Protein chains: 2
Amino acid sequence: MEDEVDRLVAAWRRERPDLDVEPLEVLSRVSRLARHLDRARRLAFAEHQLEPWEFDVLTALRRAGTPYQLSPGQLLTQTLVTSGTMTNRIDRLAKKGLVERLPDPSDRRGVLVRLTDVGRDRADQALAGLLEQERAILAELSRAQRAELAGLLRQLTAPFDNIPG
Amino acid sequence: MEDEVDRLVAAWRRERPDLDVEPLEVLSRVSRLARHLDRARRLAFAEHQLEPWEFDVLTALRRAGTPYQLSPGQLLTQTLVTSGTMTNRIDRLAKKGLVERLPDPSDRRGVLVRLTDVGRDRADQALAGLLEQERAILAELSRAQRAELAGLLRQLTAPFDNIPG
DNA sequence: CCCGTTTCTCTCGATGTCAAGAGACTCGAC
DNA sequence: GTCGAGTCTCTTGACATCGAGAGAAACGGG
């Protein structure tokens with residue numbers, strides 16, 4: 001089956017026959033698939049009244065384990081947004097009752113963000129929904145193919161995740 | 001070599017041992033790799049004084065072939081942004097002298113956006129730089145592995161690209 | 001022809017993000 | 001102790017995007 005990247009590559013070969021555009025076969029597909037996934041996730045989360053960014057923050061806290069609390073700084077590094085953005089996000093999540101701000105008992109500059117019970121349940125439900133949807137997308141592939149794909153992708157992501165920042 | 005997704009998956013298995021999180025092994029890697037690629041591309045384009053969105057628009061015109069012109073509407077569908085955004089983008093590219101607006105001779109409601117010579121050269125140079133960088137990222141894999149990866153990704157993207165919109 | 005519908009592009013207001021910096025507090029050297 | 005550098009969170013202003021809708025022109029049935 002043909003996809004958009006096949007058409008993209010064909011267009012480049014026509015317009016720039018001097019260039020080797022083979023890298024696009026892999027990396028343009030990665031980018032485009034990621035975009036499709038973003039849209040699909042937005043839909044899946046909407047069923048739980050969550051935005052993707054809310055899911056990101058809530059699950060970071062959820063993965064931390066009890067008592068489900070992290071500093072805003074720790075949340076920054078996990079979600080890769082800036083501090084101004086995180087302040088805004090915590091404000092909105094707190095207003096919705098999904099997290100609460102607590103003073104950090106060991107550092108009076110600091111704050112701890114803790115998941116409320118409601119927040120934990122919402123995160124758990126949204127994760128279950130996400131996994132269900134992702135399983136449907138991956139049904140195109142056999143178990144062996146999925147493992148193969150995961151392994152090849154790991155080879156590409158590992159340098160980014162380990163060497164720099 | 002371990003990557004962030006391995007750590008992510010391990011955290012979920014600890015916190016939610018009841019869930020099968022195998023889909024994350026593939027799809028979280030796709031999303032994270034796409035994010036790394038975005039950052040890398042931003043850097044590569046900066047050497048040519050281009051933003052990623054500028055590259056998107058210029059190369060859409062470039063791929064169209066001579067005379068390198070498309071309507072704003074055609075650019076919308078290729079770049080997947082809204083019309084308000086495209087108007088803004090064309091304004092800024094025109095101000096930089098990379099594209100120009102022409103009245104559409106066959107439809108007085110319409111406009112044609114045409115790549116200037118400067119714009120075409122910038123697009124060509126930026127594409128060459130991008131491909132060079134992408135080749136470096138893909139050097140982790142053998143030619144056969146790249147072909148395998150492209151094929152598996154195509155199986156996942158094809159349903160999105162063909163069935164819906 | 002004429003009028004309603006559709007198809008274009010652009011305008012406008014709201015929103016989320018980033019980058020830079022301010023303010024509060026901690027920590028270590030002296 | 002005290003001072004300066006470092007750390008942490010929040011504030012502010014700029015900016016790109018989206019979504020809804022306005023205005024202009026094309027299209028097509030009666």
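None of the values given here were measured: they were computed from a predicted structure.
A straight line from CD1 of A:Ile90 to P of D:dC10 spans 6 Å, rounded to a whole angstrom. Atom P of nucleotide C:dT26 and atom CZ of A:Arg108 are separated by 5 Å, given to the nearest angstrom. Rounded to whole Å, the distance from CG on A:Asp107 to P on D:dC8 is 8 Å. One can place CZ of A:Arg42 at 11 Å from C1' of C:dG16, the figure rounded to the nearest angstrom. Nucleotide D:dT9 holds its P atom 13 Å from the CD atom of A:Gln69, rounded to whole Å. Atoms CZ (B:Arg101) and P (C:dC8) sit 17 Å apart, rounded to a whole Å. Rounded to an integer number of Å, the gap from A:Met86 CE to C:dT17 C1' is 12 Å. As a whole-Å value, the separation of A:Asp91 CG from D:dT9 P is 13 Å.
Not counting sequence neighbours, the partners of A:Thr85 by the side chain to side chain donor-acceptor pair (under 3.5 Å) test are A:Thr82. Every residue meeting the ring pair (Phe, Tyr, Trp, His ring centres under 6.0 Å) condition with A:Phe45, not counting sequence neighbours, appears here in chain and number order: A:Phe55.
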Apply side-chain contact (heavy atoms from CB on, under 4.5 Å) to B:Glu54 and B:Arg92, showing your working. CA-CA 9 Å; B:Glu54 297 179 294; B:Arg92 284 176 284 162; 5.9 Å; no
Candidate pair A:Asp3 and B:Thr157, rule side-chain hydrogen bond (donor to acceptor under 3.5 Å, both in side chains), full reasoning: CA-CA 7 Å; A:Asp3 69 358; B:Thr157 56; 2.7 Å; yes
Report, one line per pair, each donor and acceptor closer than 3.5 Å where one atom sits in a side chain of residues 147-155 of chain A; sequence neighbours left out.
from     : atom 1 : to     : atom 2 : distance (Å)
A:Arg154 : NE     : B:Asp6 : OD2    : 2.9
A:Arg154 : NH2    : B:Asp6 : OD1    : 3.0

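Remark: B:Glu25 does not engage A:Arg146 in a salt bridge, criterion side-chain N to carboxylate O under 4.0 Å.
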I'd like to compare against my own output: the B/S/- annotation of nucleotides 15-20 of chain D with a strict under-4.0 Å heavy-atom distance to protein. -SBBB-
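In this structure, A:Ser71 does not reach the D:dC8 phosphate: none of its side-chain N or O atoms is under 4.0 Å from OP1 or OP2.
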Heteroatom pairs (N/O) under 3.5 angstrom, protein to nucleotides 4-6 of chain D:
from  : atom 1 : to       : atom 2 : distance (Å)
D:dG6 : N2     : A:Arg109 : NH1    : 3.1

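In the helix from C:dC1-D:dG30 to C:dC30-D:dG1, the rotation axis of the first five pairs and that of the last five pairs differ in direction by 10°, rounded to 10 degrees.
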